Amino acid sequence: MVAVRGPAPTAPIRIVAPGREWGVEPVELLVERGVEKVPSTYRRVSVEEEEELMALNDNSIAAAAEVEEEDRIGSGMDIPLIDLKEWDESHREEIVSKVREACEEWGFFRIVNHGVDVHLMQRMMQVAKEFIGLPIEEKAAYVGRPGMISQGYGSKYTIGAEDAVRDWRDYLFLWLQPEEVRDYAYWPSKPEAFRETMDQYSREVQELARKVLGLMSEGLAQRTGLLEEAIGEPPYQKVLINYYPACPQPQVVDGFHQHSDIGALTMVLQEDEAPVGLQVRYHNHWVPARPLPASFVVNVADQVEILTNGRYKSIEHRVVPNRHRSRLSIPVFYDAAPDVMISPVKELAQIPIYKQVKFDDHEHAFYEYGANGKNMVQSYILSNHPLAQPLSAS
Ligand SMILES: O=C(O)CCC(=O)C(=O)O
Ligand SMILES: [Fe+2]
């Protein structure tokens, strides 16, 4: 199986022999082999710590494991839900203030009646599922280049930290906008509808992201355009198809280790029938972002936190796998172009908290060292700012 040529590729097509160039073996293969204990490279909790926890919780090891898993799923809280119906008309003011409050307090919210065709959302999830369901030899044709920020199929982000603990996750990563950055060599040719669906999805979600940024700008400055202009034209767009296989020991691994997103804004489509996987940090709780049909989970990402001088929060989140079922998610990232310099917008920042950062440097640092909470954003806090000592928690 070789990479199938797509329309108008912008980079040389690489031909990969199946399974030959995995930077890291996909989690799917471990699961297929029926591992009962996760390999140590995936463990976030040592065997000793796990045993201690279990002994503390209950004499029954099995029950303790379940309790631990329940704890990770969080309590009865939920992220804000915003209905965008009539957002261009009578309800605009109300919607703008809900968006502002959600961005200030949670950094996360869910939107419904957002204007993206529900059937398109369902088709996108369906083609993603069909791609992930292909035999591993076929997916191997799209394996990403080792050693760089790469588009394609794989299981490991970090390119610098060789010994970084791995996430229980396989993924397909594609750059979507502007169209010149697409590398169609990595766009699956199966299922047949994948490319056309992704193309349409990319356009509709980008339009929605722009509108949501407009609402976020209005919440700050009574006008659209503030954040969109700072991010610049053309904005970039990337997509992940995240696949979290069922895990025999979900209590000791992360599907996606806690992180904040690096771009400006993320819009996540979750698999409806799947178990809760995404959890959002809210003060000292991990709050589950439960699947809700026809909705997107929207989150503020680092660039917007910096631009708004910390007023809108790019909040840490993580994904936990499930013992019995896999889960798919499709986040789309709205980012600045690599050479855009991001710093607090003057209009919003009498005393800037953050120094200026080039988006490219921020993005490279993320892929070099991997997701690690909010470490990167905190390192941009100006040393003479009161928040620098101690570092602000989000
Ligand atoms: O799987 C999810 O719901 C979210 C994944 C995520 O946080 C990311 O891809 O940045
Ligand atoms: Fe994320």
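Values below: all heavy atoms of this structure, side chains included; hydrogens, waters and symmetry mates excluded. Model, not experiment: these values are computed from the prediction. Along the sequence shown, the residues carry numbers beginning at 1.
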Shortest non-hydrogen contact from Asp167 toward Val27: O-CG2, 3.9 Å
Sidechain N-carboxylate O distance under 4.0 Å for Arg210, Glu233: yes
Pair Tyr282-Trp106, ring pair (Phe, Tyr, Trp, His ring centres under 6.0 Å): steps then yes or no: CA-CA 7 Å; Tyr282 184 70; Trp106 284 83; 3.8 Å; yes
Distance-only side-chain donor-acceptor flag, Glu130 / Gln126, under 3.5 Å: yes
Glu49 (side chain) donor-acceptor with Ser46 (main chain) under 3.5 angstrom: yes
His259 and Phe256 aromatic ring geometry - parallel, tilted or perpendicular at 30°/60° bounds: parallel
Arg182 to Trp175, cation-pi by 6.0 Å centre distance and 45° axis angle: no
Whether Asn113 side chain and Asp83 backbone form a donor-acceptor pair below 3.5 Å: no
Atom pair OG/CD of Ser155 and Glu28 - distance to nearest 0.5 Å: 10.0 Å
Spatial distance of atom OG1 (Thr308) from atom OH (Tyr354) [nearest 0.5 Å]: 7.5 Å
Ion pair Glu273/Arg327, N-O distance below 4.0 Å: no
Interatomic spacing from CG in Asp199 to CD in Glu179 - rounded to 0.5 Å: 6.0 Å
Presence of salt bridge, Arg203 and Glu207, under 4.0 angstrom: no
NZ/NE/NH1/NH2 to OD/OE distance under 4.0 Å, Glu25 and Arg33: yes
Heavy-atom closest pair, residues Cys103 and Phe109: SG-CE2, 3.8 Å
Within-4.5 Å side-chain heavy-atom neighbours: Phe131 and Glu138: no
Test item: Lys190 side-chain N/O and Leu134 main-chain N/O as donor-acceptor pair under 3.5 Å: no
Closest non-hydrogen atom pair between Ala230 and Val340, with its separation: O-CG1, 3.8 Å
Whether Arg43 side chain and Val45 backbone form a donor-acceptor pair below 3.5 Å: yes
SB check Lys374 Glu305 (cutoff 4.0 Å): yes
Exercise: do Gln258 and Glu316 side chains pair donor with acceptor under 3.5 Å: yes
Partner set under salt bridge (Lys or Arg N to Asp or Glu O under 4.0 Å) for Glu104, not counting sequence neighbours: Arg311
Stepwise ring pair (Phe, Tyr, Trp, His ring centres under 6.0 Å) check, Tyr153 with Tyr186: CA-CA 8 Å; Tyr153 186 67; Tyr186 293 113; over 10 Å; no
Flag if over 12 foreign heavy atoms under 6.0 Å of CG, Leu81: yes
Reported OG-to-CG distance for the pair Ser343 and Leu307, which is rounded to 0.5 angstrom: 7.5 Å
Side chains of Leu240 and Ile330 in contact at under 4.5 Å (non-hydrogen atoms): no
Residue pair Phe359, Gln303: steps toward the side chain to side chain contact (heavy atoms under 4.5 Å, CB included) verdict: CA-CA 8 Å; Phe359 181 56; Gln303 304 303 303; 3.2 Å; yes
Value rounded to 0.5 Å, distance of CD in Gln151 from CG in Leu176: 8.0 Å
Pairs meeting criterion salt bridge (Lys or Arg N to Asp or Glu O under 4.0 Å) with involvement of residues 106-123, two or more places apart: Asp78-Arg110
Test: Glu363 and Lys238 ion pair at under 4.0 Å: yes
Ion pair Arg223/Glu218, N-O distance below 4.0 Å: no
Lys/Arg-Asp/Glu bridge criterion (N-O < 4.0 Å) met for Glu228, Lys211: no
same_hphob_cluster(Val319, Val165) at 4.5 Å side-chain heavy-atom cutoff: no
Exercise: identify the closest heavy-atom pair between Arg166 and Arg44: O-NH2, 4.0 Å
Expected output: side-chain Gln270 to main-chain Ser329 donor-acceptor under 3.5 Å: no
Lys/Arg N to Asp/Glu carboxylate O, Arg92 vs Glu86, below 4.0 Å: no
Heavy-atom pair of closest approach, residues Ala264 and Asp335: N-OD1, 4.0 Å
Verdict with reasoning, Ser326 to Tyr244, per side chain to side chain contact (heavy atoms under 4.5 Å, CB included): CA-CA 5 Å; Ser326 65; Tyr244 306 94; over 6 Å; no
Minimal non-hydrogen separation, Pro321 against Val253, with atom names: CG-CG2, 3.5 Å
Whether Asn299 side chain and Met267 backbone form a donor-acceptor pair below 3.5 Å: no
Single-linkage hydrophobic cluster, 4.5 Å side-chain cutoff, Met77 and Phe108 together: yes
Test item: Gln237 side-chain N/O and Ser202 main-chain N/O as donor-acceptor pair under 3.5 Å: yes
Same apolar cluster (I L V M F W Y, side chains within < 4.5 Å links), Val287/Leu292: no
Within one Ile-Leu-Val-Met-Phe-Trp-Tyr cluster: Val181 and Leu172, side-chain cutoff 4.5 Å: yes
Whether His317 side chain and Ile315 backbone form a donor-acceptor pair below 3.5 Å: yes
Side chain to side chain contact (heavy atoms under 4.5 Å, CB included) evaluation trace for Ile241 with Phe194: CA-CA 12 Å; Ile241 293 176; Phe194 186 97; 3.8 Å; yes
Working for side chain to side chain contact (heavy atoms under 4.5 Å, CB included), residues Val38 and Leu30: CA-CA 9 Å; Val38 304; Leu30 292 174; over 6 Å; no
Aromatic plane relationship, Tyr201 with Phe296 - under 30° parallel, 30 to 60° tilted, over 60° perpendicular: tilted
Exam field: side chain Glu271 to backbone Leu328, donor-acceptor pair closer than 3.5 Å: yes
Any donor-acceptor pair under 3.5 Å from His91 side chain to Trp87 backbone: no
Distance, nearest 0.5 Å, that separates CG of Asp339 from CG of Asp361: 11.0 Å
Parallel, tilted or perpendicular: ring planes of Tyr367 versus Phe173, cut at 30 and 60 degrees: tilted
